[in-house]
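Working notes, beginning with the structure itself.
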Amino acid sequence: MLKYPQIDPVAVSIGPLKVHWYGLMYLIGFATAWFLGKKRATKPWSPIKPEQMGDLIFYCAMGVVLGGRFGYVFFYNFDRFLDDPLWLFMVWEGGMSFHGGLIGVILAMFWFGRQLGRTFFEISDFVAPLVPVGLGMGRLGNFIGGELWGRQTDVAWAMIFPRDPEQLLRHPSQLYQFALEGVALFAVLWWFSSRQRPKMAISGLFLLCYGAFRIVVEFFRQPDEHLGYIAWDWLTMGQLLSLPMVIIGIGMMIWAYRMNSVAGTSSPEKV
């Protein structure tokens with residue numbers, strides 16, 4: 001086994017003010033997305049100008065935080081919400097959902113696109129390669145906080161997480177998610193978007209890859225205690241929510257390239 005690194009979840013403490021690593025990871029993710037977005041905005045086909053990146057990141061950040069919280073409450077803890085509706089606003093207790101955050105970002109991109117007179121998929125194709133940075137940072141924050149650990153295992157790199165009441169050897173699934181949802185997804189999307197693609201193709205690839213990566217990782221991640229397995233003693237809520245992403249992503253990519261072909265363009269640059 002590997003020893004779990006004891007890292008204080010509080011990164012900075014100044015009197016009563018405490019900055020947790022999890023929140024700091026979000027800030028790093030947004031700052032990195034802004035920096036990379038400025039570089040993407042210099043492309044001749046970019047729908048966003050470099051000076052508009054600050055507004056775009058602000059809208060997306062609001063979508064992530066609000067959507068992530070609402071998604072966590074309604075997808076994973078709806079019973080608790082019914083018992084105590086005010087718990088929805090107790091964000092200091094933690095709890096964010098990727099799928100809820102995705103819905104929030106979709107709404108933010110739609111609104112931002114309307115402000116600029118751009119279509120939704122012009123904005124989403126621009127934003128998609130920037131998202132994995134934040135996802136990866138968030139998973140590192142989960143690991144540092146010793147939360148969302150994996151299932152019991154006897155692999156050589158298994159860890160015992162201090163907050164685990166059973167103190168079992170478990171998969172460090174947060175690091176698996178960092179590697180797949182963060183590093184691998186970023187590499188694929190950044191390479192794919194390095195040249196102009198048919199509208200909707202980059203967004204479709206994001207949904208396809210994230211959904212597939214999340215489904216795989218869920219086989220190593222411990223299901224939420226209050227939900228357990230949804231069916232067949234292996235299907236989790238994360239997999240159930242990710243499967244439509246894979247199907248929709250495949251459909252979007254097929255549609256994007258089919259429409260590109262029907263338009264009679266000889267190269268993606270003319271799309």
Side-chain angles (χ1 to χ4, degrees), residues 26 29-75 88 91 96-135 137-138 181 185-186 188-190 192-193 196-211 214 241-260 263 268 271:
Y26 268 86
F30 289 134
T32 305
W34 173 81
F35 173 77
L36 294 174
K38 296 265 291 186
K39 292 177 65 69
R40 277 182 58 73
T42 61
K43 300 288 186 181
W45 60 81
S46 171
I48 303 294
K49 298 177 182 178
E51 60 270 21
Q52 295 170 330
M53 274 305 303
D55 290 338
L56 176 60
I57 292 298
F58 173 78
Y59 276 88
C60 289
M62 291 298 100
V64 167
V65 174
L66 296 178
R69 180 59 180 175
F70 275 74
Y72 178 77
V73 171
F74 287 99
F75 293 155
L88 172 66
V91 294
M96 297 285 283
S97 160
F98 164 79
H99 297 91
L102 176 63
I103 294 173
V105 170
I106 287 174
L107 295 175
M109 290 189 296
F110 177 78
W111 177 259
F112 187 73
R114 290 197 62 179
Q115 302 297 105
L116 296 184
R118 295 287 186 173
T119 67
F120 170 78
F121 286 112
E122 285 181 300
I123 303 299
S124 65
D125 283 348
F126 179 87
V127 170
L130 310 178
V131 175
V133 177
L135 294 178
M137 291 296 100
E181 301 169 12
L185 186 58
F186 173 77
V188 170
L189 290 175
W190 193 258
F192 187 72
S193 64
Q196 191 176 16
R197 303 290 180 176
K199 189 186 300 183
M200 198 188 304
I202 299 173
S203 300
L205 184 61
F206 171 84
L207 292 177
L208 167 61
C209 289
Y210 177 86
R214 180 64 182 267
L241 294 173
S242 296
L243 181 58
M245 296 178 66
V246 174
I247 297 172
I248 294 172
I250 293 174
M252 287 172 60
M253 293 196 71
I254 292 174
W255 180 263
Y257 279 96
R258 180 171 294 175
M259 293 305 296
N260 181 52
V271 176

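Heavy atoms only: backbone and side chains are in, while hydrogens, waters and symmetry mates are out.
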TODO: Taking the side chain as every heavy atom from C-beta outward, state whether Phe30 and Met137 have any pair of such atoms under 4.5 Å apart.
DONE: no

TODO: Enumerate the residue pairs fulfilling side-chain hydrogen bond (donor to acceptor under 3.5 Å, both in side chains) with a member in residues 119-132, sequence neighbours excluded, ordered by first and then second residue.
DONE: Arg118-Glu122, Thr119-Glu122, Ser124-Ser203, Asp125-Ser203

Task: Considering all heavy atoms, the nearest Ala41-Pro50 contact - done: CB-N, 3.6 Å

- [ ] For the pair Thr42 (side chain) and Lys39 (backbone), establish whether a donor and an acceptor sit closer than 3.5 Å, ignoring hydrogens and angles.
- [x] yes

Task: Note, His99 side chain near Ser242 side chain (heavy atom, < 4.5 Å) - done: yes

Task: Shortest non-hydrogen contact between Gly37 and Phe126, atoms and distance - done: O-CZ, 3.5 Å

Task: Pro129 to Leu189 - nearest heavy-atom pair and separation - done: CA-CB, 3.9 Å

- [ ] Calculate, to the nearest 0.5 Å, the distance between atoms CD1 and CG belonging to Ile103 and Leu66 respectively.
- [x] 13.0 Å

- [ ] List for me each residue that meets ring pair (Phe, Tyr, Trp, His ring centres under 6.0 Å) alongside Phe112, sequence neighbours excluded, and say none if there are none.
- [x] Tyr59

- [ ] Compare every heavy atom of Val246 with every heavy atom of Gly211, then report the nearest pair and how far apart it is.
- [x] C-CG2, 3.5 Å

Task: Beyond-backbone contact of Ile48 with Leu116, side-chain heavy atoms, under 4.5 angstrom - done: yes

TODO: Can you measure from NZ (Lys43) to CD (Gln196) and round to the nearest 0.5 angstrom?
DONE: 11.0 Å

Task: Distance (rounded to the nearest 0.5 Å) between Leu130 CG and Leu56 CG - done: 7.5 Å

Open item on the list: Would you call the rings of Trp190 and Phe186 parallel, tilted or perpendicular, taking 30° and 60° as the class edges?
Closed with: parallel

TODO: May I ask you to decide if the ring planes of Phe120 and Phe110 are parallel, tilted or perpendicular, using 30° and 60° as cut-offs?
DONE: tilted

TODO: Hey, could you give me the CG/SG distance between Leu107 and Cys60, rounded to the nearest 0.5 Å?
DONE: 11.0 Å

- [ ] Heavy atoms only: give me the nearest Ala33-Met53 pair and the separation to one decimal.
- [x] O-CE, 4.0 Å

Task: Residues which pass side-chain hydrogen bond (donor to acceptor under 3.5 Å, both in side chains) with Ser193, listed by chain and number, not counting sequence neighbours - done: Arg40

- [ ] Kindly give the heavy-atom pair with the smallest separation between Leu185 and Cys209, and that separation in Å.
- [x] CD1-CB, 3.4 Å

- [ ] With rounding to the nearest 0.5 Å, note down the distance linking CG in Leu205 to CZ in Phe192.
- [x] 5.5 Å

Task: Working for side-chain contact (heavy atoms from CB on, under 4.5 Å), residues Leu102 and Tyr210 - done: CA-CA 11 Å; Leu102 176 63; Tyr210 177 86; over 6 Å; no

- [ ] Would you indicate whether the side-chain heavy atoms of Tyr26 and Val64 approach each other to under 4.5 Å?
- [x] yes

TODO: Would you give the length of the straight line joining atom CD1 of Ile248 to atom CE of Met253, rounded to the nearest 0.5 angstrom?
DONE: 14.5 Å

